[in-house]
Amino acid sequence: MTDDEVMELALAEARAALATGDVPVGAVMLDGQGRVLATGRNERELYQDPTAHAEVVAIRRAAEAIGDWHLDDTTLVVTLEPCVLCAGAILAARIPRLIFGAWDEKAGAVGSQHDLVRDRRLPHRVEVTTGVRGVEAAELLREFFEQRR
């Protein structure tokens, strides 16, 4: 699957988050051969869980699927630049590759406000690809917040 095709799966997860009133962010975890291991979407409103970010949900499901929290042969694809919580989870799981769509200028921790996943002071760094279907992901978020105002 191409990055674009996997991002379509993440966007579908993001759209599904709308049904529960959650911010439309979706994530997909791929194994080393590029097969889907797990998916996730924001579920904070659904479960009243402040840690139920799309990335964390997908990481938890991927770890469960393989029976190991070491996700060192995986790729995380997410519609929005991860926040500090999610960047920390990416590092803790030792995920080597991250692909994201839209930048998060307010809370992004992969280049916008911070760059935790490439911080040379930390023992693990992540290869990052940005902007994959970013306009589409940003538009989905813009529409969501516009309707809430």
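These figures come from a predicted structure and were not determined experimentally.
The side-chain heavy atoms of Val110 and Leu116, taken from C-beta on, include no pair separated by under 4.5 Å. A heavy-atom distance below 4.5 Å is not found between the side chains of Leu76 and Ile99. Residues Thr74 and Pro96 form a side-chain contact, since some pair of their non-hydrogen atoms from C-beta on lies under 4.5 Å apart.
In this structure, the side chain to side chain donor-acceptor pair (under 3.5 Å) partners of Asp31, at least two apart in sequence or on a different chain, are Arg35. Residues passing the side chain to side chain donor-acceptor pair (under 3.5 Å) test with Asp68 are His70, sequence neighbours excluded. By the side chain to side chain contact (heavy atoms under 4.5 Å, CB included) test, Glu105 is found to be paired with Trp103, Ser112, residues two or more places apart in sequence or in another chain being considered. Checked against side chain to side chain donor-acceptor pair (under 3.5 Å), Arg120 has no partners two or more places apart in sequence or in another chain. Glu146 meets the side chain to side chain contact (heavy atoms under 4.5 Å, CB included) test with Arg142; sequence neighbours excluded. Residues forming a side chain to side chain contact (heavy atoms under 4.5 Å, CB included) with Glu136 (at least two apart in sequence, or on another chain): Glu8, Leu11, Arg15, Arg133. Applying the side chain to side chain contact (heavy atoms under 4.5 Å, CB included) criterion to Ala62, with sequence neighbours excluded, gives Met29, Leu37, Ala38, Leu71. Every residue was checked against the side chain to side chain donor-acceptor pair (under 3.5 Å) condition with Thr75, not counting sequence neighbours, and none meets it.
Note that CG of Leu91 is 11.5 Å distant from CZ of Arg118, once rounded to the nearest 0.5 Å. Distance check: Met1 CE to Asp3 CG gives 11.0 Å after rounding to the nearest 0.5 Å. In this structure, CD in Gln33 is found 6.5 Å from CG in Asp73, a value given to the nearest 0.5 Å. Between Leu9 atom CG and Asp4 atom CG the span is 10.5 Å, to the nearest 0.5 Å. One finds the CG atom of Asp119 at 8.0 Å from the CZ atom of Arg125 (value rounded to the nearest 0.5 Å).
Glu81 contributes a side-chain N or O that, together with a main-chain N or O of Asp104, makes up a donor-acceptor pair within less than 3.5 Å.
When Leu98, Val126, Val117 are each tested for a side chain to side chain contact (heavy atoms under 4.5 Å, CB included) with Pro82, only one passes: Leu98. Paired with Phe100 under the rule side chain to side chain contact (heavy atoms under 4.5 Å, CB included), one option of Val128, Thr79, Leu80, Val77 passes, and it is Val128.
The salt bridge (Lys or Arg N to Asp or Glu O under 4.0 Å) analysis of residues 55-66, with sequence neighbours excluded, yields the pairs Glu43-Arg61. Within the structure, no pair that satisfies the ring pair (Phe, Tyr, Trp, His ring centres under 6.0 Å) test touches residues 108-149, not counting sequence neighbours.
Hydrophobic cluster membership for Val56: Leu85 (Ile, Leu, Val, Met, Phe, Trp, Tyr linked by side-chain heavy atoms under 4.5 Å, directly or transitively).
Val57 and Ile90 are assigned to two separate hydrophobic clusters, defined by single-linkage of ILVMFWY side chains at heavy-atom distances under 4.5 Å.
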Below 3.5 Å, can you tabulate the donor-acceptor pairs from side chains in residues 17-26 to any protein atom, sequence neighbours excluded?
unit_1 : atom_1 : unit_2 : atom_2 : d
Thr20  : OG1    : Ala17  : O      : 3.1
Thr20  : OG1    : Asp22  : OD2    : 2.7
Asp22  : OD1    : Arg44  : N      : 2.9
Asp22  : OD1    : Glu45  : N      : 2.6
Asp22  : OD2    : Leu46  : N      : 3.3

